[in-house]
Undergrad: 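Right, I'll just put the structure down here and ask away after.
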Amino acid sequence: MDRFSESQSGANSDLLISSQREPTRHGDRFFPLARYTLSFSKDFPLLPLHWHEEAELTLIQSGSCVYHIDLCEYPVREGDIVLLPPAVLHSAGSFPKYRMQSESFVFHLNFLGIQSADICSMKYLLPFSSRDLRFPYVIPSDHAANPKLREIICRMSDLYLQQQDGYELLLKSLFFEIFSLLLPYRLTDAKDAGGSFSKSQSDKLKSVLDYIEMHYPEPLSVRDLAAICCFSEYHFMRFFKLHVGMTCTEYINTLRLEKAWQMLKKDRTPVLETALSCGFHNLSYFYRLFRKKYHMTPKEVLRQ
């Protein structure tokens, strides 16, 4: 999976690690907006389950995949648009035969002035953030609003990459135009969102993912994680695999490996210290999993 952030200079940054609540700040305090491209491949067919405080707007540029949004399944294909409000659990996985490529804008609603005491904030932004104002998560290519939305996203991309004087003002105005275009298609029934959305189940899963993020260096048992959800171990394992797309052990190992990659690549931490700090107490097991995921050994990462 190649998900790269494009900085305001247009250059690609380091690989964005996506897991549960993303620690990454999208943009900066004064310009809380970032553009990303995502490309699935045979080696990286999954964007792991995560959530962030920002909203997200994505255009599927080619191929197809399945999004999982708030524990419901949404197949998407070329031309479809995905709009996610803040704090929504989501992941994506590719079909084996198709390579999906997409372009996303991840933006904090502060960028649009949600903290202002004006009618735009009170009538539209705050309700969108709290999900009292809801739009379809997926706007398919044959939706009446889709062609105009695609035009806007393409213009946003050009503005972001070229960064001519005043581009920030134009980007902000285009986000408001998107909201105005979608208002006639707001949802009035929770069922219209697609699937049997359960906020309580989503909140339980968020709690588990946040707990893993906080305690990944420590021993983690299925029993303790199941207790967070008030589930039996058997029910929890089925629940986790169904909605995360991997077993609990696979998820924990993936998170630990991503943390290890960061320590090796950015902090130049010695291999043994990295393994222990990330919850691996068997060095040979750490080497085996690391090489399987990244196709190189930890020492080779340090030498790069």
Undergrad: Are Phe176 and Leu170 grouped together when hydrophobic residues (ILVMFWY) are joined by side-chain heavy atoms under 4.5 angstrom apart?
TA: yes
Undergrad: Calculate, to the nearest 0.5 Å, the distance between atoms OG and CG belonging to Ser102 and Asp80 respectively.
TA: 11.5 Å
Undergrad: Taking all heavy atoms of Asn146 and all of Gly79, pick out the closest pair and write down the distance.
TA: ND2-O, 3.0 Å
Undergrad: Ignoring hydrogens, what is the shortest heavy-atom contact between Arg256 and Tyr216? Give both atom names and the distance.
TA: NE-O, 2.7 Å
Undergrad: Might you work through the side chain to side chain donor-acceptor pair (under 3.5 Å) test for Tyr287 and Asn282, ending with a clear yes or no?
TA: CA-CA 9 Å; Tyr287 262 83; Asn282 184 316; over 6 Å; no
Undergrad: Do Asp158 and Tyr167 have side-chain atoms, one donor and one acceptor, less than 3.5 Å apart?
TA: no
Undergrad: Glu300 side chain to Thr297 main-chain N or O, any donor-acceptor pair under 3.5 Å?
TA: yes
Undergrad: Is any side-chain heavy atom of Phe128 closer than 4.5 Å to a side-chain heavy atom of Arg134?
TA: no
Undergrad: Could you measure the distance from the CG atom of Leu49 to the CG atom of Leu205? Nearest 0.5 Å is fine.
TA: 5.5 Å
Undergrad: Is Glu177 salt-bridged to Lys172, going by a charged N under 4.0 Å from an acidic O?
TA: no
Undergrad: Which heavy-atom pair separates Leu83 from Phe135 by the least distance, and what is that distance?
TA: CD2-CD1, 4.1 Å
Undergrad: Just how far is it from atom OG of Ser91 to atom CG of Leu47, taken to the nearest 0.5 Å?
TA: 7.0 Å
Undergrad: Please check if atom CZ in Arg150 has more than 12 non-hydrogen atoms from other residues, nucleotides or ligands closer than 6.0 Å.
TA: yes
Undergrad: Shared ILVMFWY cluster between Tyr160 and Phe107, side chains joined below 4.5 angstrom?
TA: yes
Undergrad: Side chains of Ser157 and Arg35 only: does a donor on one sit below 3.5 Å from an acceptor on the other?
TA: yes
Undergrad: Can you give me the closest heavy-atom contact between Cys65 and Met100, atom names plus distance?
TA: SG-CE, 3.7 Å
Undergrad: Roughly how far apart are Thr274 OG1 and Phe280 CZ, rounded to 0.5 Å?
TA: 11.0 Å
Undergrad: Is any side-chain heavy atom of Glu53 less than 4.5 Å from a side-chain heavy atom of His108?
TA: yes
Undergrad: Closer than 3.5 angstrom, by distance alone: can the side chain of Glu258 be matched with the main-chain N or O of Leu255 as a donor-acceptor pair?
TA: no
Undergrad: Does the side chain of Ser221 pick up a donor-acceptor pair with the side chain of Asp224 at under 3.5 Å?
TA: yes
Undergrad: Are any of the side-chain heavy atoms of Tyr74 and Val66 separated by less than 4.5 Å?
TA: no
Undergrad: May I ask you to test the Thr269-Ser277 pair for a side-chain heavy-atom distance under 4.5 Å?
TA: no
Undergrad: Same hydrophobic cluster for Leu257 and Met263, using side-chain heavy-atom links shorter than 4.5 Å among ILVMFWY?
TA: no
Undergrad: List the steps and the verdict of salt bridge (charged side-chain N to carboxylate O under 4.0 Å, His left out) for Lys259 and Glu213.
TA: CA-CA 10 Å; Lys259 299 292 186 182; Glu213 166 70 16; 3.0 Å; yes
Undergrad: Could you walk me through whether Asp132 and Ser130 pass the side chain to side chain donor-acceptor pair (under 3.5 Å) test, one step at a time?
TA: CA-CA 6 Å; Asp132 291 323; Ser130 64; 2.9 Å; yes
Undergrad: Pair His215, Glu218 - check side-chain contact (heavy atoms from CB on, under 4.5 Å), show working.
TA: CA-CA 5 Å; His215 298 278; Glu218 308 165 16; 3.2 Å; yes
Undergrad: Phe111 and Glu168: which non-hydrogen atoms are nearest, and at how many Å?
TA: CZ-O, 3.8 Å
Undergrad: Let's go through Phe240 and Leu225 carefully: what are the C-alpha distance in whole Å and the side-chain angles of both, what is the deciding distance for side-chain contact (heavy atoms from CB on, under 4.5 Å) to 0.1 Å, and is it a yes or a no?
TA: CA-CA 10 Å; Phe240 195 95; Leu225 297 176; over 6 Å; no
Undergrad: Quick check: does any side chain N or O of Ser121 sit under 3.5 Å from a backbone N or O of Ile114, one acting as donor and the other as acceptor?
TA: yes
Undergrad: I want to know whether His50 and His90 have ring centres closer than 6.0 Å.
TA: yes
Undergrad: Any chance the rings of Tyr294 and Phe290 have centres within less than 6.0 Å?
TA: yes
Undergrad: OG of Ser207 to CD1 of Ile228: how many Å apart, nearest 0.5 Å?
TA: 7.0 Å
Undergrad: When you measure from the side chain of Lys206 to the backbone of Ala87, do you find a donor-acceptor pair of N or O atoms at a distance under 3.5 Å?
TA: yes
Undergrad: Would the Phe231 and Phe236 ring centres measure less than 6.0 Å apart?
TA: no
Undergrad: For Val76 and Thr58, what are the C-alpha separation, side-chain angles and deciding distance, and is it a side-chain contact (heavy atoms from CB on, under 4.5 Å)?
TA: CA-CA 11 Å; Val76 296; Thr58 296; over 6 Å; no
Undergrad: For the aromatic rings, using the six-membered ring if either is Trp, is the centroid distance between Tyr185 and His143 under 6.0 Å?
TA: yes
Undergrad: Can you name the closest pair of heavy atoms from Leu112 and Leu125 and give their distance?
TA: O-CD1, 3.5 Å
Undergrad: Hey, could you give me the CD/CG distance between Glu151 and Leu174, rounded to the nearest 0.5 Å?
TA: 11.5 Å
Undergrad: With a 4.5 Å limit on heavy-atom distance, are the side chains of Leu133 and Arg186 in contact?
TA: yes
Undergrad: Could you go through the side-chain contact (heavy atoms from CB on, under 4.5 Å) check for Phe105 and Ile153 one step at a time?
TA: CA-CA 9 Å; Phe105 286 91; Ile153 293 172; 4.3 Å; yes
Undergrad: Any side-chain heavy atom of Ile212 within less than 4.5 Å of one from Val208?
TA: yes
Undergrad: More than 12 non-hydrogen atoms from neighbouring residues, nucleotides or ligands closer than 6.0 Å to CE on Met296, yes or no?
TA: yes
Undergrad: In this structure, are over 12 heavy atoms from other groups packed under 6.0 Å from Gln115 atom CD?
TA: no
Undergrad: Hey, does Arg303 have a side-chain heavy atom less than 4.5 Å from the side chain of Lys299?
TA: yes
Undergrad: Quick check: do Val88 and Trp51 have side-chain heavy atoms less than 4.5 Å from each other?
TA: no
